[in-house]
Every structure is written in C-alpha cells, then in structure tokens.
Amino acid sequence: MSVQSIRQSEYTPPPPPPPPRVDTLRTSTPEAANATVAEMDANQADAFNAEVQALPASDRQTLLNDLATRLDADNLVRLHETFGREAVANTVELRSGVETRETYQALTGTTPSGPSLPQLPAGMPPMDIARIEAQQVQRAQEDFAAQNIGSGALGAPYQLGTLASQHATEPAYLGELVRLANDAGVLDAATAPNWGLFSRDAEGGYMLTGADADAARSGLTTALGVAVERGVLTEGQIRHSAADNAGWQEIASALGIDNVGRTQQTREAASALEELQNTYNDAKAEADTLNEALATHLLRAGPLTPDQQADFIEAFRSAEGHAEVYAAEADAGQALASHVEANREALLAAAVRDPAVAAQMVETLGQLADSGHGELALALLGEIQGVPDSALAGAFSAHTEALQGELFERIASAATVEIVARHDGDLQAAVADLKEAFAPLQNAKGLFDGVKGGIGSFQDGMAMMDAIAAGNFDPLKKLGDEFGEASPFAHAMAGVGVVMGAIKAGQSTQEGEYLEAVQGFASAGESGLNLLAGAAKHFADAGRLAQYGDDAARFATFAARLAPGLGVLASATSVAINLQKAGEGSNVGYAIAAMGDVFGMLGSAVALFPGPGTAAGSIVSGIGAVISAIGGAIGDAIDKHQTREELRGYLEATGMDADMIELMLGSGEAMNNVAAGLGISGEQWQSMLAADPGLAFAPYVFKAVADGYGLQGEQAVELFEQMHAEDPQAMLALMQEFGEKPLAGVDVGLLARGFLEENFPDAHAYARSQETSETRPDGSDKSPAEIAEGDYAGIRDGTLSEIYEAAEGLLAANDNHDYRVRVLELLYADNRSDAVLELGIQYGVMPDTLR
C-alpha cells in the first residue's frame, strides 16, 4: 500500500459545523435553552450575536419574546449584548413570569421601589400560620361589617385606609380587607377623581390633607401591595384600572408596577385596529348574505348533476357585484391579519396598559379564526396565556372564560384546517406543525382543569393527534362521549380531532368509524353541534380562500385532499342538526347558517371529480346530508317570487333544457329534499323526471312509497322504473290516490303497499324482494334488526289475528335476540301491545319500552 493510500485511509474528515444557535434555541426545551446560553464562550457568543443581527427585526423580536418565557434571569442578562438591554428589559417586563422578572430586576438594579409589605415570621410552623391567618381574616370581616364600609358612604374609602394603616403588620387581614372592598366597589370610590383618597386639586395637591389622610393613603397602598402578593388582585387588574385613572396610576407607581396608563401609542393602536375590524365585519356580513343566497338558490334549483352544480355556482359567483363582495371579504381578512402580524408587539403592549385594547384583541382572535388565519390566532393565544403569571397574561385575566371557552375551540379547529391545508392534506406531515403550534399553551393555567373526555394532559392531546393521523379514532370517541364535562384543553383538542378525523376518513375507507366516533358530539346538545358546525365552516372558509384569485390549481388540491373530509364532517353535522331539531328549545341557527356555506363549497368541489370514488362519494353524500338537514330553513329567508328570474338565469347557465328548467322552478326545493333524503343523484333524478314529469308534482308521495319499503338510492330508482314500465303515468296515479303530499298522521307507506300490490304488481314484487334481502344495496350484510324490519313489513297489512300469527312465525323462525326485539318493537309501534306482551313472555325477549 502506498504512503498516499495510507494517508487517505487514516484521514478523518472534520465534524460538521454545529447548527446555528438561533435554530437550536427555537426548538429547545427550557432546560436545554438555558444550558445553551450559559455555556457559550466568547467566540460562540459572537457567532450567536451575528446570527441574531442577521434576522429581520420582527423575527429578532419574536425570538426574544420566546426566550423571555423560557430562560432564567441570569441568561436573560447575558442577552443584553445580543438584543440590547432596553429590549430585553421591556420584554421581560411583559412576558416573563413573576419569579424570573423579579430576579432579573434585582440583577440589573431595576427593582421597583414600593412599600415594605408585612410578612409573617419566617420558620413558623404551617399550623400556626394557618391559625394566625384565619384569625386575621375573621377580624377583617368583622371590622369591615362593624364600620359599614361596604355601604357606599362618602367616608368609606377613608375608613378603609384607616383600618389598613392600623393593621399594617397583618398580611392576611389586609388581603381580606382588599377583597371585601373590591367586591363592594369601595376601591373605585377611593380612587375616584372627585373626593377620593387620591384626588388632587388644580395645583396638584391632595384634596384630603393631614396626617390621618396621609396614613389612610399609605395604609391602603400597602394593603393593595399585599393583595397583589397574595393573589387577591393582579398587577393586570391594577394596570387596567389605571388606564385613565390618576389615583390608580399613583398606586401602581408606588407599588412599582410599570407599563401603566394610556399613551398616544395605545390610542393609535386601538384606533387602527378598530378601523380594520369594522371593515372586516362589514365585508364578512356582505359575503355571508351572498353565501346564504347561494345556498337558497341551490336548494331551490332542484337536483343537479356535478357539472351543472359547478356551472350554477360559477354563474352565481361571477354575477354582477358578487365577485367583488367575495374579494372584499378576503382582502379585509388579509388586511386585518397583516396589520396584527406587523404590529403584534405594539398591540399586545397596548393591551397590557388598556383594557379596551385587550377586549379588542380578544375579538380580533375570533375574526382571525373566521377569516382563514387561525394559525396566527393560535400563536397569539399562546403568547397571551403561555406564561400564566406574566404581565401579558394578567392583562387578559378578565377574558379567561372567553379565551378558554368556545373561542379556543374555534381557533383550534381553524388553525388545524389551515395547517393541514398548507400540507395539502398530509396529516402525518402536518402533525409536527400542529404540536409546535400548541406547545406554548402546555403550561397555561386553567386549561387542564377536569380530566374527563380522554384528554387529561398536554401530552394526551399530542398523542391524540398521532393516533388520528394513523387512523385510530378511539381518542376522538372518548372526547365525544364526555364532551360536556371535559376540560377547556380537551374541548380545543376536540376541535383538532374533529378536523383531523374528518380528513382521515375522507381520504380512506373509515367514514363509518369516524361518524361513530363523533356521535358523542352530535348528542352533546348545542355545544357539541356548534363544535361540529364551526369546524365544517372553517373547512368551507379554507376552500373559499383557495378559490380566491382564480387559483385553479390551489382549489383543485383542496378539492382532492380536503373537500372529502368536509363532506364527511357535513354528514356528521347534519346528523347533529337533526338530533337537535328533535329536542326541546335547541338552537340550531348557527349550525344551519354554517351548513349554507358548506353547501356551496361542496358544490364547487364535487365537479372536479370526473367519476365515482371515495373522494367524490364523500362530497356527494355530504351535500345530500346538508340538504336533508337544512331543508327550507335557509330558503325561507329569501322571497321566492323576487328570485325566480334570477334562479332561471343560473339554471340556464348550466345548459339545462327549457322544459326541465320549468319543472325545477316549480318544485326544485321539494325535489332536492326528496332526492337527498333517498340518496338519488342529480343525474338519476333528472332522468326520472324526463321520463315522468309528474314526479315534479308528487316527490313527497314517491318518497313515502319508497320509505314504506325502506328503499334507498339505486333501489328507489329501480322502483320508479318498474312503476313507469307498468304505467308511464305512474306518478299521476299516485297523486290521484294519495294527493300531492302525504297528510299529517297518514301512513302512506303502509297504504301504498296495498295500492302497489294491486296496481303495480311487478314494482311491489321488486320492492318486497329488496325488503327481504339480507344485503344492502352496497353488498354489505344487513343487521338482524334491518332484516326484521323487512320481514315485518310484509305482515303489517293483515288483521290483528293474522299479524299475531305471522309475527309469531317470524319469532319462531329466527332466534336472534336483536331480530326478535325489533319485531316486537314494530308491533308495539303499531299499537299492538297485548300481542307484544304475550309474544315477549313466550320467547323471552322484551323491548325497553315495556320494561
């Protein structure tokens, strides 16, 4: 071997350079981040500084914001050279927890001066502390009541301050005194601009002077400091009280609380945000009105083919003024999101000082979620609540219920749709981004109260995402089963799971498993219904944004990868709507409006699939489910006579012939409802209608006949064809016998069996063969209960004794428990309870209705 070969074999390449510390810190745990910063030598610190300075200003601030929530005080001081002392100090003040903030202030010599607060002696046994504090609390309650401080009298603030000064060494007494005074409104009176303890005259002097008044002011200030320390009040509450109140501002200054009082910057931030919010609300209202009109027109148009539906929607979207409305909504949402993103530091800082801005930001989070910017809303929510004892979290403490309630669910589902859409529906690829998006909330206070619903911790939520992405819906089912009593975080994870599960089901053959998994949400009342409807609406919003700007490729991707999931979710939501309609006092208005948006979006998506398949099938069944659920609820909102000619124009744009258009204009909504209820496609219905136009006048009677035999889809179409073969005017014959619409309380299905047996024997024979078949139209096996329904249908029209004998024959011939129970249930429903009792005893089964 040559020397050169030896040298080459012994050569070891240098190790690759370490990853940039900026990237390392962004993905590190708090422990690892602290170790990375603490261990940097001079050269590494210089390299890190260069990396940071190369970042855009907004990214630099975002990195500092994140580090302020994860680094300890010593390491934050080390960052002065990198980010600047003032920037670090300001960020620590807003975003770091209390312990880190106080230690940092001590290290940098910026500890605010404040009153010396009383403390119980160190080293005292816990039992003694509890006994002493209990005595102090009781004395405070007695003194507050004895002096009638809560009466609202002008002297109450003075009395309050005097009591506080007299008990200045008793921390529990002071904390309880402040609590009582705050509940009674005395604190606001003490800081009122006229004749409060802190009121000043034109020259700047106190209006209440003298040693006693000074003592009362000092005592009340000390008591408020103790109250903050003991958690009775928060610094955020004091900041917001001090927004434009000089008395509270003086107290805040005395307690060393910074970032107090409205400024020109906070006013400008509020004003600019409000203008964009109003623009978005107005644009959204106009777009919502158009979406409602589109849903109404589609309902009234009758059953359309996919191509017709696409042409119809395109004609509507491009009609005069419509495209501009949709563009204005998208533009307004984008403008709002861009403004918030560009000014997030100023807006959050303003929210710390000003309660009005905090309220604005809460409203803005919802607007971002509803305008296709859920990921930004989730990021802001993480900043706000990620460090529970930070000044930023305290600024939003009055909105905790909203931030951890229905708004959190909306944001969670909206962000999930957005993140998954960005990955073109690839759930496995999206999970990592989803976990990162929710990570800032893992320490949020109050989100994990309650452990029901299968999500007891942050880790459980992350594991749920992995499970659903892999096709395991068990965690989602657990959430649905106990949705009403689950924690706020579990409710948000329900929003995530509902979206992810729908997408997974739409892309696979697991639609049935998904619908079973979300049954708990459908049965959970209005809250569960709104969760499903909200998730469906966020899907629809994402699809509408994908269409904005005529980006055909972008929408085609959405239609192929996400619209099938929307179809599955629409079916689940429609089940929930129907369940709630059957309940007492249920509010389904929001869900029905959301389904109107979904209807139009699914109609746009279905035309992109040239043939049958899982994706197209999910979308089509979703459209049918929506039609069945919302019926005329949206259509009734727009006058039929005023829109008849407009509807004609949209139908003409589909290429439909003139005779068919006239039939659709006459009873399109009724035909749409019936076709959807029977699972008949637009092509099939129009073929039936062309063969016998009488169907346009008797759709509900035909449905009653098909329902009487339990026929669906192809079975119902074949029934029609069999009847038409026997009589080309079969629908006229039905109308002559039963009228155009079944009368309330009349079982047309039962009566029709006899009518068909006599007048349409071939159609009756076909229908009976489908009833007695043990397989469904798709080839799957019927359940024992379904087989029982078909068998029982053949014995219903006899005398009581004949039915009794026939039912006994069915029970004797089939020993399946579910089969026998269903036969007895049907007997009971036909008011033959005596027979049920006798046969139930004889065969050892009994329906729950008779137990």
Side-chain angles (χ1 to χ4, degrees), residues 98 114-120 130 132-200 206-257 260-261 355 389 394-395 397-400:
V98 171
S116 179
L117 304 181
Q119 302 288 337
L120 291 170
I132 292 171
E133 290 202 337
Q135 291 172 350
Q136 291 180 3
V137 167
Q138 183 177 352
R139 281 199 303 274
Q141 293 170 349
E142 291 170 350
D143 292 348
F144 190 85
Q147 296 194 27
N148 200 22
I149 294 176
S151 65
L154 287 176
Y158 187 89
Q159 292 171 283
L160 178 69
T162 300
L163 272 181
S165 66
Q166 292 170 350
H167 296 269
T169 61
E170 303 174 47
Y173 182 103
L174 296 177
E176 179 65 7
L177 193 66
V178 169
R179 186 189 70 79
L180 293 168
N182 190 43
D183 290 346
V186 181
L187 294 183
D188 290 332
T191 58
N194 298 320
W195 297 102
L197 271 178
F198 296 87
S199 301
R200 294 179 181 270
Y206 287 118
M207 298 177 71
L208 292 176
T209 58
D212 290 343
D214 289 341
R217 276 187 288 271
S218 176
L220 181 56
T221 301
T222 299
L224 289 167
V226 170
V228 170
E229 191 173 74
R230 298 176 74 85
V232 176
L233 293 177
T234 67
E235 290 187 0
Q237 289 173 297
I238 291 178
R239 284 192 181 94
H240 281 183
S241 295
D244 50 10
N245 183 299
W248 275 112
Q249 289 172 11
E250 182 176 339
I251 292 169
S253 177
L255 296 178
I257 299 174
V260 173
D389 57 351
S397 60
H399 303 282
T400 298

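Between Ser199 atom OG and Leu197 atom CG the span is 8.0 Å, to the nearest 0.5 Å. Note that the CH2 atom of Trp248 and the CG atom of Asp188 stand 7.0 Å from one another [nearest 0.5 Å]. For the atom pair CD1 of Ile251 and CG of Leu224, the computed distance is 5.0 Å after rounding to the nearest 0.5 Å. The structure places CG of Asp143 at 10.5 Å from CD of Gln138, a figure rounded to the nearest 0.5 Å. Taking CG of Leu163 as the start and CD1 of Ile149 as the end, the distance is 4.5 Å to the nearest 0.5 Å. Distance check: Arg239 CZ to Gln249 CD gives 13.0 Å after rounding to the nearest 0.5 Å.
Residues forming a ring-ring contact (aromatic ring centres under 6.0 Å, His included) with Phe198 (at least two apart in sequence, or on another chain): none. For His167, the ring-ring contact (aromatic ring centres under 6.0 Å, His included) partners are Tyr173, not counting sequence neighbours. Under the side chain to side chain contact (heavy atoms under 4.5 Å, CB included) criterion, Gln237 pairs with Leu233, Thr234, Ser397, sequence neighbours left out. Annotation: salt bridge (charged side-chain N to carboxylate O under 4.0 Å, His left out) contacts of Asp214 (sequence neighbours excluded): Arg217.
A side-chain N or O of Glu176 and one of Gln141 form a donor-acceptor pair less than 3.5 Å apart.
For residues 145-162, there are no side chain to side chain donor-acceptor pair (under 3.5 Å) pairs, not counting sequence neighbours. Screening residues 148-161 for salt bridge (Lys or Arg N to Asp or Glu O under 4.0 Å), with sequence neighbours left out, gives no hits.
Side-chain atoms of Leu220 and Leu187, non-hydrogen and from C-beta on, do get closer than 4.5 Å to each other.
Using a cut-off of 4.0 Å between Lys/Arg side-chain N and Asp/Glu carboxylate O, Arg139 and Glu142 are scored as not salt-bridged.
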